[in-house]
Amino acid sequence: MMRAVVVHAPRDLRIEQIAAAAPGPGEVCVRLAAGGICGSDLHYYQDGGFGTVRIKEPMILGHEAAGTVSALGEGVATLKVGDKVAINPSKPCGHCRFCIEGHREQCLDMRFFGSAMRFPHMQGIFRDEMVVDAAQACPVGPDTPLEEAAFAEPLSVALHAVTQAGSLIGKRVLVTGSGTIGCLVAIAARHAGAREIVGTDISDPALAMAKKVAADRTLNVASDPQALSVFAAEKGYFDVAFECTGNGRVLAGLPEVVRPRGTIILIGLGGESTLLASQLVTKEIGLFGSFRFDAEFSWAADLLARRAVDVRPLLTASFPLDRAVDAFELAGDRAHAMKVQLSFVK
C-alpha cells in the first residue's frame with residue numbers, strides 16, 4: 001500500500017492508502033520525490049473542476065512530478081534503477097491522425113494524468129510511487145535536484161508557446177499575466193533570445209518575481225489600467241505578445257500594442273473575448289493558440305538538468321504529504337505563493 005492525494009469534492013482533499021502496482025513490460029516504477037501544484041489541481045480542489053469538466057468520482061491529483069526509478073518492467077533498456085527522472089503526464093495514443101502528423105498534443109485519445117476530462121478519470125501522480133511507460137520517464141541526470149526537475153511539465157508549456165512564436169532573437173516581447181506560467185514564458189523567451197521583455201499583472205508580488213527571473217520591465221495594470229497605452233504609439237511596439245491570463249479584456253487590448261506583422265500567442269484558458277477583426281487584418285497580426293506540449297518535455301528536462309534556465313526563485317514552499325491541505329491553501333494565495341510543491345520523501 002502507498003499514500004495518495006485524493007480529491008472527493010470541493011475542499012474535500014484526503015490522504016488515502018491505495019494499492020501499489022508493479023511495472024509491466026515496457027514500464028517503470030518511479031518513487032516520487034516532488035510534485036508541483038498546478039492551476040488545474042487548484043480548480044479541482046477549490047471548485048470541483050472548471051467549465052464543464054467536473055469531478056464525477058474520487059481522483060488522485062497531480063501532473064507535475066519527479067522522482068527516482070525504483071523498478072523496471074520487462075524489456076526496459078533505456079533506464080536503470082536509481083535514475084532521476086521527470087514524469088511526462090501526457091500519453092498520446094500514437095495512431096490517430098494528429099499523432100501520425102506529429103501533433104501529438106492534439107491527440108484524439110489523449111490520456112493526461114490527473115484529469116477529469118474523461119470518465120473514468122485519469123488518476124494523477126500525487127502518490128508515493130507511480131508506474132508509467134518508460135517513454136514517460138525522462139532522465140534529468142544524477143545531479144539535478146528533483147524539486148527543480150518537477151518544473152519540467154510547466155516549463156514544457158512555456159517552451160511550446162515560445163516555439164509557436166517563431167524566432168524571438170532580438171524581439172520585443174510582452175507577457176500578460178505573471179503567475180507561474182507567465183514567469184516561465186518570460187524565462188523561455190529570454191533563453192530564446194528576446195531583446196526586451198515586459199510583464200504585466202495585477203499583483204505586485206507576481207510582478208516582482210517576473211522581474212527577478214526574466215522581465216526587463218513590469219506594469220501593474222490594476223493600479224494603472226492605462227499602463228500599456230504608451231506602447232500603442234506608431235501602430236504598436238511589441239513583436240510578440242504572450243497572453244497568459246485567460247482574461248478576455250486583456251486579450252482584446254493586445255492588437256493595439258502589437259506592431260504590424262507581429263504575433264499574439266494565447267496560453268491562458270478563460271472566458272470569451274471580442275477582438276476587432278479589422279485590427280488583425282489591417283496590421284496583419286498572427287493569432288495563435290498554444291496548448292500543452294509534446295517534444296518540448298525532453299527539452300525542458302535537459303534545460304533543467306543543465307540549469308540552462310533557473311527556476312529556483314519560483315519555488316515558494318514545499319510541504320510534506322500529510323500537510324497537503326495546507327499546501328493547496330497556500331498555492332491558492334497569489335499574494336504569497338508562486339509554485340508550491342508536495343514532498344513525498346518520508
Trainee: Hey, what do you get for CZ (F126) to CD1 (I15), rounding to the nearest 0.5 Å?
Mentor: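 Result: 10.5 Å between the selected atoms.
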Trainee: Does P142 offer a backbone N or O that forms a donor-acceptor pair with the side chain of K84 under 3.5 Å?
Mentor: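 Yes: the side chain of K84 pairs with the backbone of P142.
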Trainee: Set out, in order, the CA-CA distance, both residues' side-chain angles and the distance that settles salt bridge (charged side-chain N to carboxylate O under 4.0 Å, His left out) for D133 and R111, then state yes or no.
Mentor: CA-CA 12 Å; D133 287 351; R111 296 177 181 273; over 6 Å; no
Trainee: For R307 versus P145, what's the shortest heavy-atom pair and its separation?
Mentor: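 Looks like NH2-CG, 3.8 Å.
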Trainee: Between the main-chain N or O of E105 and the side-chain N or O of D294, is there a donor-acceptor pair closer than 3.5 Å?
Mentor: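 Absent.
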Trainee: Would you say I181 ends up clustered with L314 if hydrophobic residues are merged whenever their side chains have heavy atoms under 4.5 Å apart, either directly or through other cluster members?
Mentor: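 L314 and I181: separate clusters.
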Trainee: Is the number of heavy atoms from other residues, nucleotides or ligands under 6.0 Å of R306 CZ greater than 12?
Mentor: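 Yes, because the 6.0 Å sphere around CZ of R306 holds more than 12 heavy atoms from other groups.
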Trainee: A quick test of your reading: do over 12 heavy atoms of other residues, nucleotides or ligands sit less than 6.0 Å from CD1 of I169?
Mentor: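 No, not enclosed.
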Trainee: Report the distance from atom CD of E64 to atom SG of C38, rounding to the nearest 0.5 Å.
Mentor: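 If we round to the nearest 0.5 Å, E64:CD and C38:SG are 5.0 Å apart.
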Trainee: So, K339 side chain and I37 main chain: donor-acceptor pair closer than 3.5 Å or not?
Mentor: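 The answer is yes, because a donor-acceptor pair under 3.5 Å joins these two groups.
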Trainee: Can a donor-acceptor pair be found, under 3.5 Å and without considering hydrogens, that links the side chain of K283 to the backbone of K235?
Mentor: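 Side chain of K283 to backbone of K235: a pair is present.
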Trainee: Hey, mind stepping through R259 and F238 against side chain to side chain contact (heavy atoms under 4.5 Å, CB included) and telling me if it holds?
Mentor: CA-CA 6 Å; R259 63 179 298 168; F238 297 104; over 6 Å; no
Trainee: If Ile, Leu, Val, Met, Phe, Trp and Tyr residues are connected whenever their side-chain heavy atoms lie under 4.5 Å apart, and connections chain through other members, are V76 and I87 in the same group?
Mentor: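 V76 clusters together with I87.
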Trainee: Show, in sequence, the C-alpha distance, side-chain angles and deciding distance for L254 and I285, and conclude whether the side chain to side chain contact (heavy atoms under 4.5 Å, CB included) test is met.
Mentor: CA-CA 10 Å; L254 292 183; I285 291 173; over 6 Å; no
Trainee: In this structure, is the centre-to-centre distance between the rings of F50 and H43 below 6.0 Å?
Mentor: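 Yes, the ring of H43 comes within the 6.0 Å limit of the ring of F50, centre to centre.
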Trainee: Are more than 12 heavy atoms, taken from residues, nucleotides or ligands other than E57, located less than 6.0 Å from that residue's CD atom?
Mentor: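 Yes - once you tally the heavy atoms of other residues, nucleotides and ligands closer than 6.0 Å, there are more than 12.
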Trainee: Tell me whether Y44 contacts the main-chain N or O of A116 through its side chain, where contact means a donor paired with an acceptor under 3.5 Å.
Mentor: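 Indeed, once roles are kept as given, a pair shorter than 3.5 Å links the two residues.
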Trainee: Same hydrophobic cluster for F291 and L287, using side-chain heavy-atom links shorter than 4.5 Å among ILVMFWY?
Mentor: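 No, separate clusters.
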Trainee: Is it the case that more than 12 heavy atoms not belonging to H8 sit under 6.0 Å from its NE2 atom?
Mentor: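 Yes, the 6.0 Å shell around NE2 holds more than 12 heavy atoms from other groups.
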Trainee: What's the shortest heavy-atom distance between A66 and A149, and which atoms?
Mentor: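 Distance-wise, the nearest heavy atoms are CB-CB, 3.6 Å.
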Trainee: In the structure I gave you, are the side-chain heavy atoms of P58 and V7 within less than 4.5 Å of one another anywhere?
Mentor: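 No, their side chains stay 4.5 Å or more apart.
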Trainee: Would you say V157 and L184 make side-chain contact, with heavy atoms under 4.5 Å?
Mentor: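 Side chain of V157 against side chain of L184, heavy atoms only: no contact under 4.5 Å found.
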Trainee: Please evaluate residues E129 and V30 with respect to the criterion side chain to side chain contact (heavy atoms under 4.5 Å, CB included), reporting the C-alpha separation (whole Å), side-chain torsions for both, the decisive distance (0.1 Å), and the verdict.
Mentor: CA-CA 5 Å; E129 292 186 344; V30 179; over 6 Å; no
Trainee: Could you grab the distance from atom CD of E243 to atom CG of L266, nearest 0.5 Å is fine?
Mentor: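 E243 CD to L266 CG: 6.5 Å, rounded to 0.5 Å.
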Trainee: Is there a donor-acceptor pair closer than 3.5 Å between any side-chain N or O of Q341 and the backbone N or O of E147?
Mentor: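 Yes: the side chain of Q341 pairs with the backbone of E147.
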Trainee: Same hydrophobic cluster for V340 and L61, using side-chain heavy-atom links shorter than 4.5 Å among ILVMFWY?
Mentor: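 Per the 4.5 Å side-chain linkage, V340 and L61 are co-clustered.
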Trainee: Is a donor from one side chain sitting under 3.5 angstrom from an acceptor on the other, for Y237 and E256?
Mentor: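 No, E256 and Y237 have no side-chain donor paired with an acceptor closer than 3.5 Å.
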Trainee: Inspect the surroundings of CD in Q17 and state if more than 12 heavy atoms from other residues, nucleotides or ligands are less than 6.0 Å away.
Mentor: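 Correct, the count exceeds 12.
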Trainee: Taking all heavy atoms of T263 and all of V258, pick out the closest pair and write down the distance.
Mentor: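 Looking at all heavy atoms of both residues, the shortest contact is N-CG1, 3.8 Å.
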Trainee: Does the side chain of L303 reach to within under 4.5 Å of the side chain of H191, using non-hydrogen atoms?
Mentor: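 They are in contact (side-chain heavy atoms under 4.5 Å apart), so the answer is yes.
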Trainee: Checking V175 against V198 for the side chain to side chain contact (heavy atoms under 4.5 Å, CB included) test, could you report, in this order, the C-alpha distance in whole Å, the side-chain angles of both residues, the deciding distance, and whether it holds?
Mentor: CA-CA 6 Å; V175 181; V198 176; over 6 Å; no
Trainee: Testing the 3.5 Å rule here: is there a donor-acceptor pair between the side chains of D204 and N220?
Mentor: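 Yes, N220 and D204 have a side-chain donor paired with an acceptor closer than 3.5 Å.
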Trainee: E329 and R323: salt bridge (charged side-chain N to carboxylate O under 4.0 Å, His left out), yes or no, with the steps?
Mentor: CA-CA 10 Å; E329 288 295 328; R323 292 185 60 198; over 6 Å; no
Trainee: Strictly below 4.0 Å, N to O, side chains only: are D109 and R118 in salt-bridge contact?
Mentor: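 Yes, this pair counts.
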Trainee: Distance from L342 atom CG to F344 atom CZ, nearest 0.5 Å?
Mentor: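 Result: 5.0 Å between the selected atoms.
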Trainee: Check whether any side-chain N or O of D128 sits under 3.5 Å from a backbone N or O of M2 as a donor-acceptor pair, and report yes or no.
Mentor: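 No; zero donor-acceptor contacts below 3.5 Å.
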Trainee: Can you see which heavy atom on P255 is nearest to which on Q279, and at what distance?
Mentor: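 Here P255 and Q279 meet closest at CB-OE1, 3.5 Å.
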Trainee: How about K56: does its NZ atom have over 12 heavy atoms from other parts shown lying under 6.0 Å from it?
Mentor: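 Atom NZ in K56 is crowded, with more than 12 foreign heavy atoms closer than 6.0 Å.
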Trainee: Does S343 use its side chain to pair, donor to acceptor, with the backbone of F319 at less than 3.5 Å?
Mentor: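 Looks like no, no N/O pair under 3.5 Å.
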Trainee: Which heavy atom of A210 sits nearest to which heavy atom of S178, and what is that distance?
Mentor: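 Heavy atoms only, the tightest pair is CB-OG, 3.7 Å.
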Trainee: So which heavy atom on A161 is nearest to which on F242, and how close?
Mentor: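 That would be O-CE2, 3.5 Å.
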Trainee: Indicate yes or no: at least one non-hydrogen side-chain atom of D47 is less than 4.5 angstrom from one of P10.
Mentor: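 D47 does not reach P10 side chain to side chain.
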Trainee: Working to the nearest 0.5 Å, report the span between CZ of R292 and CD1 of I267.
Mentor: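 It comes to 15.0 Å.
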Trainee: Give a yes or no on whether E101 atom CD has more than 12 heavy-atom contacts from other residues, nucleotides or ligands under 6.0 Å away.
Mentor: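 Yes - once you tally the heavy atoms of other residues, nucleotides and ligands closer than 6.0 Å, there are more than 12.
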Trainee: Rounded to the nearest 0.5 Å, how far apart are CG of L13 and CD of Q46?
Mentor: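 Interatomic distance, L13 CG to Q46 CD, rounded to 0.5 Å: 11.5 Å.
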Trainee: For Y45, which residues count as a ring-ring contact (aromatic ring centres under 6.0 Å, His included) partner, sequence neighbours excluded?
Mentor: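 Partners of Y45 under the ring-ring contact (aromatic ring centres under 6.0 Å, His included) test: F328.
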Trainee: Given D216 and R190, is the salt bridge (charged side-chain N to carboxylate O under 4.0 Å, His left out) satisfied, shown in steps?
Mentor: CA-CA 10 Å; D216 298 291; R190 178 67 70 203; 2.7 Å; yes
Trainee: Less than 4.5 Å apart, side chain to side chain, heavy atoms only: is that true for M110 and R104?
Mentor: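 Side chain of M110 against side chain of R104, heavy atoms only: no contact under 4.5 Å found.
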Trainee: For a 4.5 angstrom cut-off between non-hydrogen side-chain atoms, does F112 reach S90?
Mentor: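 They are in contact (side-chain heavy atoms under 4.5 Å apart), so the answer is yes.
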Trainee: Could you tell me whether the side chain of R195 and the main chain of L168 form a donor-acceptor pair under 3.5 Å?
Mentor: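 Absent.
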Trainee: How about R217 and E196: do any of their side-chain heavy atoms sit closer than 4.5 Å?
Mentor: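 R217 vs E196: side chains touch.
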Trainee: Are L219 and D224 side-chain neighbours, meaning at least one heavy-atom pair lies under 4.5 Å?
Mentor: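 Result no, sub-4.5 Å side-chain heavy-atom pair not found.
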Trainee: Between E153 (side chain) and S156 (backbone), is there a donor-acceptor pair under 3.5 Å?
Mentor: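 Checking the backbone N and O of S156 against the side chain of E153, no donor-acceptor pair under 3.5 Å is found.
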Trainee: Tell me whether F288 is reachable from L159 by hopping between hydrophobic residues (I, L, V, M, F, W, Y) whose side-chain heavy atoms are closer than 4.5 Å.
Mentor: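 In one cluster: no.
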